[in-house]
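Shown next, in structure tokens, is the structure this report addresses.
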Amino acid sequence: MIKIKSSAEIQKMLKSNEIAAQALALAGNSIKAGMSTWELDKIVHDFIVSKGAIPSSLGYAGFPNSCCISVNEELIHGIPSKKKIIKEGDIVTVDVTTLFNGWQGDNARTFKVGTVSDAAERLLKVTEEALWKGIEQAVAGNRVGDISAAVQQYVESNGYHVVRQYVGHGIGTEMHEDPEVPNFGRAGRGPRLVPGMTICIEPMVNETTPDVRVLGDKWTVVEANGRLSAHFEHCVAITNDKPLIMTLESH
Ligand code: MF3
Ligand code: CO
Ligand code: CO
């Protein structure tokens, strides 16, 4: 069941998403070669708590930390660790989910650590652009499939692969609500977008295959061939006009 939000509810969601966006920006500004992903998680955790919010990834289905941090071939759900040291040239995805005043916020971005390879540079550019292609379609009257098809077409026309096993989602008082928002599919199919729907659009893009594997820690999802992967996510609301990007640092 898709829950349509009132404008008062959208206003509350904006606050949570602003905190999520600020935490993500702080993570990006804090990443340095030599630091562990655990240290980065602590920075994110402390910021969210300082804003009176809750890092809703912590304890979600047993997830042990406050955000997901996924390095290089790791796509999503990387578990922060004191043993995982970030290096110059890495690409690091941080995915931050917040709960504030009963409402969820959720965004992610793959950051560059210093100078990265041309291959990494291009993958990040295409994945972020694919997110914007999807957001462009997030208008009332369109269908979820219009978002999915726009993302898939952009990614594949650039020679990369969209992951099928994990998808974007509706969001509200729950982190994951209906509808699913896949990064693949056909234009004109799927649920109709109406004002008051709030969704997370999150292209997950692999360099060489759509396939993924889950590591022995039962969480970390990696590119099946061990090559690079990237993930960008915004939370958006469908309005009577342009899509409202909820995950901005201020509104
Ligand atoms: N933020 C993720 C998403 O985009 C979900 C986090 S999984 C968790 O849907 F286990 F870390 F919470
Ligand atoms: Co997320
Ligand atoms: Co999400």
Side-chain angles (χ1 to χ4, degrees), residues 2-3 5 13 16-28 37-38 40-42 44-45 47-49 53-71 74-81 84 92-100 103-111 127-128 130-131 134-135 138 144 147-148 151 162-184 197-205 212 214-215 217-222 229-238 243 245-248:
I2 298 174
K3 292 191 195 140
K5 282 78 181 179
M13 277 191 78
S16 187
N17 279 287
E18 279 177 10
I19 296 167
Q22 291 162 3
L24 185 61
L26 174 64
T37 56
W38 184 90
L40 190 55
D41 175 71
K42 175 141 173 60
V44 169
H45 174 94
F47 175 80
I48 292 170
V49 169
I54 294 166
S56 33
S57 293
L58 185 59
Y60 180 87
F63 190 78
N65 294 81
S66 294
C67 63
C68 301
I69 306 181
S70 311
V71 181
E74 298 173 354
L75 172 68
I76 51 170
H77 300 170
I79 300 177
S81 164
K84 185 112 190 167
V92 178
T93 301
V94 181
D95 189 343
V96 179
T97 312
T98 51
L99 181 68
F100 183 71
W103 293 89
Q104 299 279 349
D106 185 10
N107 63 4
R109 180 175 193 92
T110 306
F111 297 103
T127 307
E128 185 169 16
L131 170 58
I135 290 172
V144 169
I147 299 172
S148 305
V151 170
V162 287
V163 168
R164 310 297 204 267
Q165 278 94 331
Y166 300 89
V167 296
H169 51 92
I171 182 169
T173 56
E174 302 295 324
M175 187 194 300
H176 297 136
E177 297 186 355
D178 288 339
E180 289 195 341
V181 183
N183 296 304
F184 60 95
M197 277 177 66
T198 47
I199 56 175
C200 289
I201 303 175
E202 47 182 313
M204 289 165 254
V205 176
V212 290
V214 181
L215 297 186
D217 64 15
K218 303 273 178 68
W219 277 104
T220 313
V221 177
V222 300
S229 61
H231 178 210
F232 285 75
E233 173 177 37
H234 269 308
C235 175
V236 310
I238 311 302
I245 317 291
M246 305 185 86
T247 33
L248 297 177

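Atoms within a ligand are numbered from 1 in the order they appear, just like the ligands themselves.
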Practice prompt. For the residue pair His231 and Thr127, establish whether any side-chain heavy-atom pair is separated by less than 4.5 Å.
Written response: no
Worksheet item: How would you list, by chain and number, every residue that makes a side chain to side chain contact (heavy atoms under 4.5 Å, CB included) with Val71, sequence neighbours excluded?
Response: Thr37, Glu74, Lys84, Asp90, Val92
Worksheet item: Which residues pass the side chain to side chain contact (heavy atoms under 4.5 Å, CB included) test with Lys3, sequence neighbours left out?
Response: Met1, Lys5, Thr173, Glu177
Worksheet item: Which distance, rounded to the nearest 0.5 Å, do you find between the OG1 of Thr98 and the CG of Asn17?
Response: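 Answer for the OG1-CG pair, Thr98 versus Asn17, is 6.0 Å.
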Fill in: Main-chain N/O of Asp41 paired with Ser66 side-chain donor or acceptor, under 3.5 Å
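Checking the backbone N and O of Asp41 against the side chain of Ser66, no donor-acceptor pair under 3.5 Å is found.
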Practice prompt. Spell out, as yes or no, whether a donor-acceptor pair under 3.5 Å connects the side chain of Ser148 to the backbone of Pro182.
Written response: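 Indeed, once roles are kept as given, a pair shorter than 3.5 Å links the two residues.
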Heteroatom of [X] nearest to the Co ion (ligand 3) (N, O or S, atom name):
X	answer
Glu233	OE2
Asp106	OD2
His169	NE2

Worksheet item: Is it true that His176 and Tyr60 have ring centroids separated by less than 6.0 Å?
Response: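 They qualify: ring centres under 6.0 Å apart.
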Practice prompt. Not counting sequence neighbours, which residues clear salt bridge (Lys or Arg N to Asp or Glu O under 4.0 Å) with Glu128? List them please.
Written response: Arg109
Discussion item. So that I can check it, does any N, O or S atom in Glu202 come closer than 2.8 Å to the Co ion (ligand 2)?
Written reply: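 Checking the Co ion (ligand 2) against Glu202, no N, O or S atom falls under 2.8 Å.
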I'd like a table of the close N/O pairs between ligand 1 and the protein (anything under 3.5 Å), one pair per line with both atom names and the distance.
| residue | atom | partner | partner atom | Å |
| --- | --- | --- | --- | --- |
| ligand 1 | 1 (N) | Asp95 | OD1 | 3.0 |
| ligand 1 | 1 (N) | Asp95 | OD2 | 3.1 |
| ligand 1 | 1 (N) | Thr97 | OG1 | 2.9 |
| ligand 1 | 1 (N) | Asp106 | OD1 | 3.1 |
| ligand 1 | 4 (O) | Asp95 | OD2 | 3.3 |
| ligand 1 | 4 (O) | Asp106 | OD2 | 3.1 |
| ligand 1 | 4 (O) | Glu202 | OE1 | 3.0 |
| ligand 1 | 4 (O) | Glu202 | OE2 | 3.2 |
| ligand 1 | 4 (O) | Glu233 | OE1 | 3.1 |
| ligand 1 | 4 (O) | Glu233 | OE2 | 3.1 |
| ligand 1 | 9 (O) | His169 | NE2 | 3.1 |
| ligand 1 | 9 (O) | His176 | NE2 | 2.7 |

Fill in: Atom name, Asp95 (N, O or S, nearest to the Co ion (ligand 2))
OD1
